[in-house]
Amino acid sequence: MEGKMKAFVFHGLGDARLEEIPIPKPGYGEATLKVNLASICRTDIHILEGVFPIKSGTVLGHEFVGEISELGQGVEGYKIGERVAVAADTPCGQCNECLGNEDGRGCNVVFGAFHLGAHRNGVHAEYVAVPFAQVNMAKIPDELSDEQVLLVGDIITTGLGVAEAAGIRFGDTVVIFGQGPIGLMATVGTKLNGAGFIITVDTMPMRMEMSHKMGADVVLDASKVDVLSEIKKLTDGRMADVSIQAVGKPETFLNALKAIRPGGVLSDIGNYGFEGSLPLPLDAFLAGCGNIKIITTAGPGGKNRLTRLMSMIQHSKFDPTPLITHRFSLDQIEKAYEMIQGDINKVLKIAIKP
Ligand SMILES: [Zn+2]
Ligand SMILES: [Zn+2]
């Protein structure tokens, strides 16, 4: 396919512009997708602000659903026009780590599989070429709308994944710090994993209200109460079996660590960046003898993972659509970025229609 498309291109710190660039041709093992719907992630903002450096001239964005417009050589079992979901990470599926990890998180380098909108052109455009397409394109069931599956490749796989990684048992008491989009999906995952008592922590009214809708039993306002003493009260002094950290600040890590009982689990979704360090006071670390587990995860990708997550939405195990609070066209994408960078009490996720 020849021709031009609109794309939101990164040009340096705080500088991204909507431009016309060529529609990408798929290379070997790649597929070009028409972007049906995209969303903006906090990581896109980090990139724009220079926290995560990428090359000037790269199209931003990694959260989307699309339909196949052209298949490169070596991609089998797909047809032009099929709708597919693709995760934020697009692992190769071939390296030792990919082959040994059934959840498709491989390519054994931090951010090594983070191609779209980072190592190569992303999805805030009319078209995108997806690498390792055969490993990463999950067909979308006909019954599901683009909005129902828009978030599956990023915040859903990440948020559910952090709950899954914690190994929550039926009846566990779980505290989730941070009720942004990923934290909210961690709340959904915690409920689906059979937690007995779910406590969540945030400060923003819109997020706290959504937290109740997504399954929290008690929502603590960290600006009004002392969170750790509230958790102590709510658990009769036992503290939580599991805490989930979904804010990415050192002080939240410390609270999440202090919130668990001896033998408990802290499941952490970062993303703290590479600068600085985390506090690990020995009383909170229970002298190193508390049998605690600290687990970190990032969003697993790959076709098998996304297919399973879409099955959950298809069969009404949860509904992510209330998280989409705003809708813009691709022509208005600068406005959408401004909104995400502005008052985050007013917005959760934005759907962008090219
Ligand atoms: Zn993201
Ligand atoms: Zn790999």
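Whatever order the structure lists ligands and atoms in, that order sets their numbers, starting from 1.
Looking at residues two or more places apart in sequence or on another chain, you find a salt bridge (charged side-chain N to carboxylate O under 4.0 Å, His left out) between Asp15 and Arg17. Under the rule for a side chain to side chain contact (heavy atoms under 4.5 Å, CB included), the partners of Thr252 that lie at least two apart in sequence or sit in another chain are Phe177, Gln245, Val247, Lys249.
Rounding to the nearest 10°, we obtain 110° for the angle at the Zn ion (ligand 2) between Cys95 SG and Cys92 SG.
Note on ring orientation: taking the six-membered ring where Trp is involved, the planes of His119 and Phe52 are tilted (angle from 30° to 60°).
Residue pairs meeting the salt bridge (Lys or Arg N to Asp or Glu O under 4.0 Å) criterion with at least one member in residues 274-290: none, sequence neighbours excluded.
Counting non-hydrogen atoms of other residues, nucleotides and ligands closer than 6.0 Å to NZ of Lys191 gives a total of 12 or fewer.
Around the Zn ion (ligand 1), the protein contributes the following N, O or S atoms at distances under 2.8 Å: Cys41 SG, His62 NE2, Asp154 OD2.
Val130 places none of its side-chain heavy atoms less than 4.5 Å from the side chain of Thr32.
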